[in-house]
Amino acid sequence: MTDFTPWPNDLIQLYRQKGYWIDKPITHGLRVQAEARPDSCAIQCGTRAISYRDLDKASSALAIRLLDSGIAQGDHAVVQLPNCAEFYITFFALLKAGIRPVNALFNHRALELRSYVQQLQPKLLIGSRAHPLFKDDTFTGELREISQGIELCLFLDDPDPHSDLRQWLLADDAPAGNWPDIAAHDVAFYQLSGGSTGTPKLIPRTHNDYDYSVRASAEICELTPQTRFLCALPAPHNYVLSSPGALGVFFAGGTVVMADSPEPNLCFDLIEKHGVTMAALVPSAVGLWLEAVRAGLQPPDSLELVQVGGASFAETLARQVPEVLGCKLQQVFGMAEGLVNYTRLDDNSERIFTTQGRPICEDDDVRVRDADGHDCADGETGQLWVRGPYTFRGYFRSPTHNQAAFDNDGFYHSGDLVQRDQDGYLRVVGRVKDQINRGGEKIAAEEVESLLLRHPEVLEAALIAQPDARLGERGCAVLVARNPVRPVALRRHLIDQGIAEYKLPDRIVFVEAMPLTAVGKINKRALRETILETQ
Ligand code: J2J
């Protein structure tokens, strides 16, 4: 089974020759800024202002201590931290040490974490004592059984100084050490896939490809040392990490201001206090911000740019952003697997309101194809296929799924339905993948269905997307049951299996029988039509 599928040699050569891949580790941008502006604030986290010097030093201290403790370059780590400075310090430390992490979302629970540990067999686990699963050591013990090789567990806010992450970050008496050589064409970390299958899939991202997407994004978004970026979405998410996200801001020498959530009162306060110039939001959060201003909250003066991405953004809302929030809008359509599209800052407003942008790079090879694989004409709706300098070539150890997700030429099938105009701008108009996009949080239908089917009374299960005014979509579970089951009992059943809360169906409907397709599969389209009529 393949851990990492490389790009073919001719493309590797092209990407180097064109200057996309510069054979430097993702951390090189931080090193440059730590030299150029050591005292500038890199991260504002509550009342703590962390300078570039401190970010660089603390991450080096952790890296060296981890290597000293016996975790080696090439080993895996599973990390789960909330939105705080330690998330970035830890991430940079692992990248410097050549230890490959997956950064779980903070709202992930036992099911997701078990799956990451099972797949990666990590030597290192880094979590937070504030997370319900790590209040005591029961779950850690369970993870140690799944991955016999776990050698070290560190926690934010651990009462024991030996395993308290903050102690490991202290730069003062940090040991000196030998830095490993980081091969930039190698895997730097694993990004999380929104997924459409039963188990969460991991996306190997290399230094070269990720670093390129960050650098190019920082340029497109015109980031400077004066940029003050609000990170109000979960920090590990590809969008706020790299499009241009926190990494783009660090590359440009700006400041990342951490927020626990996109809640408008909290965010407007932070924006005001720290002179935030730019924020990355999902459509549902923009909806909340617009409502808050309408309800009398003063829109913050310093805000120059709001990015919106992660889910479909209604054109009517897009048109309100500049007027109500008093700033520019940028639409972003991206995916953790690679391809990212932006409307450009100097695009005319019609384009910004009505499209989800165009790819970062002229060598992003985007194809819009019909169901039979034929290229669609401009303006026609088709499925998105892509390959390019920062679009991955295969999920971690998933040979069967990879066969379905890629064609023979290495094009990745994102499952999105798009239209492309003659200038290469894309409009996302739907999807063919079996996924619910709940306000930007992705739910793989199959994952939830297989858990529902474990309930003794459930005979058949289908999770479908139900339109929702606030979130865009919500999950609706349609079930055939042996005997009536109360929805609360089913939710309890799912929670007991350790599923993250955002994946719980918002609505549960029972039917006598499922409509079937010609080949005998559940006909979700028919189901959607009948069920959604009866809400
Ligand atoms: C409609 N659907 C969108 C958009 C993503 C930047 C921005 C977002 C993500 C992300 C990201 C959309 N309109 N503007 O990684 O770097 C849906 C599509 C897509 C899927 C990817 C980034 N922007 N989507 O959302 O991996 O269906 O990445 O395939 O979480 O979100 O989800 P994810």
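Counting starts at 1 for both ligands and their atoms, following the listed order. Small disclaimer: the values here were computed from a predicted structure and weren't measured.
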_Assess, by modelled atom type and distance only, whether the side chains of Y190 and Y395 contain a donor and an acceptor separated by less than 3.5 Å._
no
*Pick out which of Y20, F392, W21 makes a ring-ring contact (aromatic ring centres under 6.0 Å, His included) with W7.*
W21
*asked:* I'd like to know if the side chain of R100 reaches the main chain of V187, judged simply by a donor and an acceptor atom lying under 3.5 Å from each other, with no hydrogens or angles considered.
replied: yes
*V332: numbered ligand 1 atoms lying under 4.0 Å from its heavy atoms*: 4 (C), 6 (C), 7 (C), 14 (N), 23 (N)
*Mind checking whether V340 contacts ligand 1 via backbone (N, CA, C, O), side chain (CB onward), both or neither, at a 4.0 Å heavy-atom cut-off?*
side chain
*Do ligand 1 and D416 have nitrogen or oxygen atoms that lie under 3.5 Å from each other?*
yes
*Close N or O approach (G310, ligand 1; < 3.5 Å)*: yes
*Kindly confirm or rule out an N or O of N238 lying under 3.5 angstrom from an N or O of ligand 1.*
yes
*Side chain or backbone of A311 under 4.0 Å from ligand 1, or both, or neither, by non-hydrogen atoms?*
backbone
_Other residues, nucleotides and ligands only: do more than 12 of their heavy atoms fall within 6.0 Å of CD on E350?_
yes
*asked:* Does any N or O of ligand 1 fall below 3.5 Å from an N or O anywhere on K433, backbone included?
replied: yes
_Which of the numbered atoms in ligand 1 are under 4.0 angstrom from any heavy atom belonging to S312?_
1 (C), 2 (N), 13 (N)
*How does S243 reach ligand 1, if at all, at less than 4.0 Å between non-hydrogen atoms: by side chain, backbone, both, or neither?*
side chain
*With heavy atoms under 4.0 Å as the rule, classify the contact between H237 and ligand 1 as side chain, backbone, both or neither.*
side chain
*Determine, considering heavy atoms only, which of K442, R431, M335 sits nearest to atom 31 (O) of ligand 1.*
K442
*Show your working on salt bridge (Lys or Arg N to Asp or Glu O under 4.0 Å) between E380 and R369 and close with a plain yes or no.*
CA-CA 9 Å; E380 268 177 23; R369 296 179 183 157; over 6 Å; no
*Counting only heavy atoms, which portion of Q331 has something under 4.0 Å from ligand 1: side chain, backbone, both, or neither?*
neither
_Option whose closest heavy atom lies nearest to atom 21 (C) of ligand 1, chosen from G334, A336, G194_ = G334
*asked:* Polar contacts were defined as any N/O atom of the residue lying under 3.5 Å from an N/O atom of the ligand; does this apply to Q356 and ligand 1?
replied: no
_Residues T343 and Q331: side-chain donor-acceptor under 3.5 angstrom_ = no
*Positive for ring-ring contact (aromatic ring centres under 6.0 Å, His included) with F91, one of Y210, F250, F189*: F189
*asked:* Quick one about Q191 and N103 (side-chain donor to acceptor, distance below 3.5 Å, no hydrogens or angles considered), yes or no?
replied: no
*Just by distance, with hydrogens left out, do Q119 and S115 show a side-chain donor and acceptor under 3.5 Å apart?*
yes
